[in-house]
Student: 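Following this message is one structure expressed as structure tokens.
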Amino acid sequence: MPLITELPPLASLDAARPVFLILMGISLVVISWRISRKWLGWPARILMAGALLLGFGYSVILPLYAMGVLMSPEAALFQVDGDPVVAMAWQVVKAFSLNGGWLLFGAGLFWASRAPLPPRRPVQFTIVRP
Amino acid sequence: MIAAFFEVLFNQSFLLDTAGLMGLGLVAVGAIRLAERYHSLNAPLMIWGAIALILGRLGILAYTEFFHSMSGMSAGVRWVAVNVPMVLLTLGVGLIVAGFWLHEKEVDSRFEPPVS
């Protein structure tokens with residue numbers, strides 16, 4: 001569903017949204033990785049798994065949809081070389097990565113916030129003398 | 001049988017959408033707990049992001065449900081019905097990421113949270 005604006009295509013919200021989502025996906029993965037390094041145990045792993053799925057979904061799958069490389073199965077029926085089965089398969093990938101990603105991310109965050117957090121892994125500094 | 005499984009799970013995508021909404025609810029509740037436990041000022045950003053994502057997803061579901069009955073409405077109503085959920089989805093992701101990062105930056109410089 002493209003946004004309806006009168007701005008030139010490069011400056012429109014329709015063009016800025018995939019770039020924003022790519023940046024958000026990448027930063028979600030990086031931030032979750034840095035945070036989960038300090039936590040211990042399963043909440044961090046589940047959070048990181050969810051963040052990876054979300055990063056994949058927001059940074060890879062949604063821009064492919066926005067660029068027109070992937071299309072919905074209904075649109076694939078009208079294209080000459082579109083295969084609705086392939087389109088449906090990519091829809092499955094998108095649904096799993098975005099919905100499953102938020103489920104795992106939320107479960108990890110919820111679990112980590114439930115109990116007092118496990119003691120943070122002490123950061124070990126090794127000073128290397130030349 | 002695989003076709004039936006496919007049809008139930010992905011054609012209407014009900015179960016996966018439910019899982020996604022549940023996950024967003026968990027993000028919101030987890031962020032509420034983090035805000036209470038750490039007395040953090042940035043965790044509420046995560047809560048608003050999760051709420052925005054939930055509302056955006058519900059808005060898109062509503063749009064697909066009411067698509068046919070909306071063809072008689074004015075262009076302004078349809079513009080709002082299409083664009084507002086997308087904006088909510090985009091802003092929601094941004095708020096969750098921003099809230100997560102700022103919360104950790106704020107908490108990192110403090111000691112263990114008070115046991116409540």
Student: State yes or no: do B/Leu55 and B/Ile47 share one hydrophobic cluster built from I, L, V, M, F, W and Y residues joined by side-chain heavy-atom distances below 4.5 Å, directly or via other members?
Tutor: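 Same cluster: B/Leu55 reaches B/Ile47 through Ile, Leu, Val, Met, Phe, Trp or Tyr contacts under 4.5 Å.
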
Student: Minimum heavy-atom separation for B/Val97 to A/Ser27, with atom names?
Tutor: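 Scanning both residues completely, I find the closest heavy atoms to be CG1-OG, 3.6 Å.
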
Student: Return the set of residues passing side chain to side chain contact (heavy atoms under 4.5 Å, CB included) with A/Ile61 (not counting sequence neighbours), or none when no residue passes.
Tutor: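 So A/Ile61 forms a side chain to side chain contact (heavy atoms under 4.5 Å, CB included) with A/Phe56, A/Tyr65, A/Trp90, A/Val93, A/Lys94.
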
Student: Looking only at heavy atoms, what is the nearest atom pair of B/Ala19 and A/Leu103, with distance?
Tutor: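 Result for this residue pair: O-CD1, 3.4 Å.
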
Student: Decide if atom CZ of A/Arg34 counts as having more than 12 heavy atoms of other residues, nucleotides or ligands within a radius under 6.0 Å.
Tutor: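 Counting neighbours around CZ of A/Arg34, 12 or fewer heavy atoms of other residues, nucleotides or ligands fall under 6.0 Å, so no.
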
Student: Taking B/Leu24, B/Thr18, B/Leu53, B/Leu89 one by one, which has the highest count of heavy-atom pairs under 4.5 Å against chain A?
Tutor: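 Counting heavy-atom pairs under 4.5 Å, the top option is B/Leu24.
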
Student: Is A/Trp102 close to B/Ile96 at the side-chain level, that is, under 4.5 Å between some pair of heavy atoms?
Tutor: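 Result yes, sub-4.5 Å side-chain heavy-atom pair found.
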
Student: Determine the minimum heavy-atom distance between B/Gly94 and A/Met24, stating which atoms define it.
Tutor: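 Of all heavy-atom pairs spanning B/Gly94 and A/Met24, the closest is CA-SD, 3.5 Å.
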
Student: With side chain to side chain contact (heavy atoms under 4.5 Å, CB included) as the test, would you mind laying out the steps for A/Phe110 and B/Ile32 before giving the verdict?
Tutor: CA-CA 9 Å; A/Phe110 180 75; B/Ile32 290 173; over 6 Å; no

Student: In this structure, would A/Leu98 and B/Leu58 fall into the same cluster of hydrophobic residues linked by side-chain contacts under 4.5 Å?
Tutor: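 Shared cluster, yes.
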
Student: Under 4.5 Å between side-chain heavy atoms, hopping through other hydrophobics if needed: is there a path connecting B/Leu45 to B/Ile54?
Tutor: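 Yes, B/Leu45 and B/Ile54 fall within the same hydrophobic cluster.
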
Student: Taking all heavy atoms of A/Ser32 and all of B/Phe100, pick out the closest pair and write down the distance.
Tutor: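 The pair with the smallest heavy-atom distance is OG-CE2, 3.8 Å.
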
Student: Can you say whether A/Leu62 sits under 4.5 Å from chain B via the side chain, the backbone, both, or neither, judging by heavy atoms?
Tutor: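 Looking at A/Leu62, nothing touches chain B.
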
Student: Just verifying a value: how many Å separate B/Arg33 CZ and A/Leu109 CG, rounded to the nearest 0.5 Å?
Tutor: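 These two atoms lie 10.5 Å from each other.
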
Student: Is it possible for you to say whether A/Ile22 and B/Trp101 belong to one hydrophobic cluster, with membership spreading through side-chain heavy-atom contacts below 4.5 Å?
Tutor: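 No.
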
Student: In this structure, would B/Leu95 and A/Val19 fall into the same cluster of hydrophobic residues linked by side-chain contacts under 4.5 Å?
Tutor: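 B/Leu95 does not cluster with A/Val19.
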
Student: Does a side-chain heavy-atom distance below 4.5 Å link A/Ile35 with B/His103?
Tutor: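 No - every pair of side-chain heavy atoms lies 4.5 Å or more apart.
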
Student: Within a strict 4.5 Å, meaning less than it, do heavy atoms of the A/Phe105 and B/Leu26 side chains meet?
Tutor: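 With C-beta onward as the side chain, the pair stays apart.
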
Student: Given heavy-atom pairs under 4.5 angstrom as the criterion, report whether the side chain, backbone, both or neither of B/Leu21 touches chain A.
Tutor: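 Neither the backbone nor the side chain of B/Leu21 comes within 4.5 Å of chain A.
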
Student: How close do A/Arg17 and B/Thr90 get, heavy atom to heavy atom, and via which atoms?
Tutor: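 For A/Arg17 and B/Thr90, the tightest heavy-atom pair comes out as NE-OG1, 2.8 Å.
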
Student: Shortest non-hydrogen contact from A/Gly106 to B/Val27?
Tutor: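 That would be CA-CG2, 3.3 Å.
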
